[in-house]
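Computed from a prediction, not measured in an experiment: that's the story for all the values here. To find a chain, count down the sequence lines: A is the first, B the second, and so on, and within it residues start at 1. Just so you know, these numbers use all the heavy atoms, side chains as well, and skip hydrogens, waters and symmetry mates.
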Amino acid sequence: MHADRQAAIASVTGWFAVNTRDLPWRHSTPWGVLVSEFMLQQTPVSRVLDVWAYWLGRWPNPAALAAEPSSAAVAAWGRLGYPRRALRLHAAATAIVGEHGGEVPRDHDALLGLPGVGAYTAAAVASFAFGDAYPVLDTNVRRVLARLESGTQFPPPHPSAAERVRATEWTTQAGPRAALWAAAVMELGALVCTSRRPDCGACPVAESCAWHAAGHPPGRTRPRAQAWAGTNRQCRGVLLDVVRRSPDGVDVTHLLAAWDDRDQAVTALDGLVADGLVALDGHLVRL
DNA sequence: AAAGCGTGGAG
DNA sequence: TCTCCAAGCTT
């Protein structure tokens, strides 16, 4: 086992050395890495690139962002999705200024304490921004390890304790190259060991992959995704998009008319206000 | 701890 | 067209 993993680490990091995407946050600051990690939560790289560049140009450090109202962050978030991430990133910047002297903390627990930073993001920043050894367990890594060691097409629906233990073992066994291993195995999942069409012919560890050896048995079909049409989520998205495109605010009545079910629109608007994504200013709604 | 939370591109 | 899913977090 131990030797197998050592060999796999060497193979994957070797593959990574010649297959590294030139992503801008990879030659940025810890702040740039933190911003990228927030934006990349459930959002593809291709959609993040331009927004990230704009953010880093406008707010090159946490203090610059913290100096502006959170509405500026929501506006600049554009259509990345999950706009509460913009609020949390703004709150994180504020906390970094208030509690960490304006510098993104290197300490893993301090990172975990920031708004919007969970197990993955804390490990990713510690690893990618500072080179420290933490198990970076994102959807890519989970899929790679599930195939490589469990022989299953997909990992369980949610990260399990067993997965965390296993990821930590890999990190430990990577030793001084833990951060390199983290980036490499994640990149392998993103580029080769993909969810839909894995390219096993290009995989540096296909020969030792349990799922490959078993002949690519299909995994359990996953539960159907939540229906979208008519959901509160969709309604929130429609309403927020109207507000976002109304720099001077939009009349409440006019805003609610953007959704045919008025009761649902009222509920959704209440939620947006409660979340702090929009503000009620008399009869006007604005960011 | 299960559910809620956006968006757009690929297959 | 429609389903899947993309560097998760919070309550």
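Using a 4.0 Å cut-off between charged nitrogen and carboxylate oxygen, A/Glu187 and A/Arg26 count as a salt-bridge pair. Between A/Arg286 and A/Asp248, no side-chain nitrogen of the basic residue sits less than 4.0 Å from a carboxylate oxygen of the acidic one, so the salt-bridge criterion is not met.
When each of C/dC9, C/dA6, B/dG6 is scored by its nearest atom to the side-chain atoms of A/Tyr82, the top-ranked nucleotide is B/dG6. Candidate nucleotides C/dC5, C/dA7, C/dC9 were compared by shortest atom distance to the side chain of A/Asn140, and C/dA7 ranks first. Which of C/dC5, C/dA7, B/dG4 sits closest to the side chain of A/Leu40 comes down to C/dA7. Among C/dA7, B/dG6, C/dC5, the nucleotide with an atom closest to any side-chain atom of A/Ala190 is C/dA7. For A/Val45, counting side-chain heavy atoms from C-beta on, the closest listed nucleotide (C/dA6, C/dA7, B/dG6) is C/dA7.
An OP1 or OP2 oxygen of B/dG11 is reached within less than 4.0 angstrom by no side-chain nitrogen or oxygen of A/Arg197. Taking side-chain N and O atoms only, A/Ser195 has no distance below 4.0 Å to OP1 or OP2 of C/dC4. At B/dT7, one or more side-chain N or O atoms of A/Arg244 fall inside 4.0 Å of OP1 or OP2 (strictly under the cut-off). Close to B/dG4, at under 4.0 Å from its OP1 or OP2, lies no side-chain N or O of A/Asn232. A/Arg85 has no side-chain polar atom (N or O) that falls below the 4.0 Å cut-off from OP1 or OP2 of C/dT10.
Residues forming a side-chain contact (heavy atoms from CB on, under 4.5 Å) with A/Val144 (at least two apart in sequence, or on another chain): A/Val185, A/Leu188, A/Cys193.
Remark: P of C/dC9 and CG of A/Leu87 are 17 Å apart, rounded to the nearest angstrom. Look at CH2 on A/Trp228: it is 18 Å from P on C/dT1, rounded to the nearest Å. Rounded to an integer number of Å, the gap from CZ of A/Arg84 to P of B/dT7 is 12 Å. Rounded to whole angstrom, the span from the CZ atom of A/Phe38 across to the C1' atom of C/dC9 amounts to 9 Å. One atom, CG of A/Asp50, and another, C1' of B/dT7, lie 15 Å apart when rounded to the nearest Å. In this entry the distance linking CG of A/Asp241 with P of B/dG6 reads 12 Å, nearest Å. Look at CE on A/Met39: it is 15 Å from P on B/dG8, rounded to the nearest Å. Atom pair A/Leu277:CG and C/dC9:P shows a separation of 18 Å (rounding to whole Å applied).
Projected onto DNA chain B by closest heavy-atom contact, A/Arg47 and A/Arg88 fall at different nucleotides, the more 5' of which corresponds to A/Arg88. Nearer the 5' end of DNA chain B, as judged by each residue's closest nucleotide, is the contact made by A/His158, out of A/His158 and A/Gln42.
Note that CD of A/Gln6 and OG of A/Ser11 are 11.0 Å apart. Values are rounded to the nearest 0.5 Å. Atom CG in A/Asp241 sits 14.0 Å away from atom CZ in A/Arg236 (nearest 0.5 Å).
A/Ser36 comes within 4.0 angstrom of nothing in the nucleic acid, heavy atoms only. Within 4.0 Å (heavy atoms only), A/Val117 reaches sugar-phosphate atoms of the nucleic acid but no base atom. Across all strands shown, A/Leu34 has no heavy atoms under 4.0 Å from either base or sugar-phosphate atoms. Residue contacts shown for A/Trp25 include a base, since a base heavy atom lies under 4.0 Å away. At the heavy-atom level, A/Leu240 lies nowhere under 4.0 Å from the strands shown.
B/dA10 and C/dA7 have their P atoms separated by 14 Å, given to the nearest Å. Comparing the C1' positions of B/dG6 and C/dA6 gives a spacing of 12 Å, expressed to the nearest Å.
Taking the centre of each ring, A/Trp77 and A/Trp55 come in below the 6.0 Å mark.
Looking at A/Arg196, its side chain has no donor and acceptor atom pair within 3.5 Å of the base of C/dC5. In the interface, the side chain of A/Thr43 is paired with the base of B/dG6 through a donor and an acceptor atom under 3.5 Å apart.
No option in A/Gln41, A/Arg142, A/Glu37 other than A/Glu37 meets the side chain to side chain donor-acceptor pair (under 3.5 Å) test with A/Tyr120.
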